[in-house]
Amino acid sequence: PESSTRVAELLTGGVDLALSVLPQDWERIEDNPGTAMLHYTTDRVWGLTVAHAPADGVEAVATSLPEVREAINLAIDRDEINELVGGFGVPTLTRLTPPIPCWDAVSPPLYDVNPFDPERARALLESVGYPNVPGAELTLHSAFGQGVAHREIAETIASMLEDVGFIVRLDIRDLTNFRETVYQNNPGGLMLQTLGNFTTDPWLFVLNYDSKSGTRAMPRNRFSDETLDMMAAQIEREMDPQQRCALVADYAQRVRELNASIELLHQPESLGIREDVEWTPPTDGNFLMLNLRFR
């Protein structure tokens, strides 16, 4: 899980691939005989799963207030988050990203957009009387080691939220502990994670906010919206590609307006690889080795 250990193993020949290498180690790997860096954009998106209602055993979460969710959205500088991963990501307000069909039908665009406005965020918090609201303290749950600068992204987001006036408790756990405890119910209000997509169709994006699709995503954000549910039913039935994209675009705009979740960055991957290894990594985060060979 520690980037420094992965890099050391790569440089000494202990491993052939080192995933999610931090930018400060890139030059060392490039300059080392026999190793190189490989950068590519995945189909995954860094984002915050946001609780819209309390969990079992939690009386209240401030993120149930739309003004609080929008303040979170405006408090985060996505360009600075991108710098943490070496600039290979793309700021985004949606999980509907290239090359997923219909991403470019969204207008105004939600991709390659950074609405950073800390003054507006502070004003929104003041408008609801924060911190004098139920569940004012937000816990930002995160794992580490799931992508480039995972821990650093969580720490930076917490700092940005505190800068506009939020009370934040940062809870970073190893990935197994995270999955087995907070991942399913997101009790503290916010959860940083990277989630994947189908690249051939926007249907997985739609399902993430359709409460009719079952309980797969709903326990983590406890979100539902009747309008989105009706729109999802239309998208499911529409067979004309152009009309379907228009519906998907409207759906994406409503997801964004409600801050059903708060998307941050189209996730890049930066991995170190030994030069005697020939491998084209898949973009979906599943590191299949079927096309790997040694030169």
**Message:** Do N73 and R78 pair up side chain to side chain, a donor and an acceptor below 3.5 Å, judged on atom types alone?
**Reply:** yes

**Prompt:** With no hydrogens and no angle check, do the side chains of S261 and Y209 hold a donor and an acceptor under 3.5 Å apart?
**Reply:** yes

With a 6.0 Å cut-off (strictly less than), is the heavy-atom count around [atom1] of [X], excluding the residue itself, greater than 12?
| X | atom1 | result |
| --- | --- | --- |
| E275 | CD | yes |
| F198 | CZ | no |
| D56 | CG | no |

Between [Y] and [X], is there a side-chain heavy-atom distance shorter than 4.5 Å?
| X | Y | answer |
| --- | --- | --- |
| W279 | L288 | no |
| T63 | H52 | no |
| R179 | Q184 | no |
| E269 | F88 | no |
| L124 | V68 | no |
| I100 | L204 | no |
| N186 | N221 | no |
| I153 | W46 | yes |

**Asked** For N197 and D43, what are the C-alpha separation, side-chain angles and deciding distance, and is it a side chain to side chain donor-acceptor pair (under 3.5 Å)?
**Response** CA-CA 6 Å; N197 283 298; D43 63 9; 6.0 Å; no

**Request:** Might you work through the side-chain contact (heavy atoms from CB on, under 4.5 Å) test for F166 and E137, ending with a clear yes or no?
**Result:** CA-CA 7 Å; F166 279 105; E137 181 181 83; over 6 Å; no

Verify the cluster assignment for [X] and [Y]: are they in a single hydrophobic cluster under the rule of side-chain heavy atoms below 4.5 Å apart?
| X | Y | result |
| --- | --- | --- |
| I172 | L190 | yes |
| V168 | I72 | yes |
| M289 | V277 | yes |
| L38 | L11 | no |
| L125 | I167 | yes |

Using atom types as modelled and distance alone, determine if a side-chain donor or acceptor of [X] lies under 3.5 Å from a backbone N or O of [Y].
| X | Y | value |
| --- | --- | --- |
| D225 | L228 | yes |
| R44 | T194 | yes |
| R256 | T94 | no |
| E238 | D240 | yes |
| W26 | L22 | yes |
| R274 | L17 | no |
| E236 | W203 | no |
| Y251 | V206 | yes |
| R69 | L258 | yes |
| D117 | L74 | no |

**Item:** Derivation of the side chain to side chain donor-acceptor pair (under 3.5 Å) call for E80 and T156
**Value:** CA-CA 9 Å; E80 184 173 337; T156 300; 5.1 Å; no

Whether [Y] and [X] form a salt bridge (side-chain N of Lys/Arg under 4.0 Å from carboxylate O of Asp/Glu) is what I want to check.
| X | Y | result |
| --- | --- | --- |
| E180 | R173 | no |
| R95 | E263 | no |
| D201 | R244 | yes |
| E9 | R6 | no |

With rounding to the nearest 0.5 Å, note down the distance linking [atom1] in [X] to [atom2] in [Y].
| X | Y | atom1 | atom2 | answer |
| --- | --- | --- | --- | --- |
| L195 | Q267 | CG | CD | 9.5 Å |
| T97 | W103 | OG1 | CH2 | 9.0 Å |
| Q193 | H150 | CD | NE2 | 8.5 Å |
| L292 | T280 | CG | OG1 | 9.5 Å |
| L192 | L48 | CG | CG | 6.0 Å |
| I76 | I262 | CD1 | CD1 | 6.0 Å |

Check [X] against [Y] and note the closest heavy-atom contact, atom names and distance.
| X | Y | answer |
| --- | --- | --- |
| A105 | A249 | O-CB, 3.6 Å |
| Y130 | A62 | CE1-CB, 4.3 Å |
| P131 | A136 | O-CB, 3.2 Å |
| I29 | A36 | CG2-O, 3.6 Å |
| P91 | L265 | N-CD1, 3.7 Å |
| S3 | V21 | OG-CA, 4.0 Å |

**Item:** disulfide bond (SG atoms under 2.5 Å apart) contacts touching residues 12-102 (sequence neighbours left out)
**Value:** C102-C245

**Request:** Decide yes or no on side-chain contact (heavy atoms from CB on, under 4.5 Å) for V45 and T92, but give the supporting numbers first.
**Result:** CA-CA 8 Å; V45 172; T92 184; 4.0 Å; yes

**Asked** Passes side-chain contact (heavy atoms from CB on, under 4.5 Å), S142 versus M191? Steps please.
**Response** CA-CA 6 Å; S142 177; M191 187 163 58; over 6 Å; no

**Verdict with supporting geometry, V148 and L19, side-chain contact (heavy atoms from CB on, under 4.5 Å)** = CA-CA 8 Å; V148 178; L19 308 181; over 6 Å; no

**Request:** Report the C-alpha distance between D163 and R122 in whole Å, list the side-chain angles of each, state the deciding distance to 0.1 Å, and finish with yes or no for salt bridge (charged side-chain N to carboxylate O under 4.0 Å, His left out).
**Result:** CA-CA 9 Å; D163 184 60; R122 294 184 186 99; 3.1 Å; yes

**Prompt:** In terms of the angle between their ring planes, are Y183 and F178 parallel, tilted or perpendicular, with boundaries placed at 30° and 60°?
**Reply:** tilted

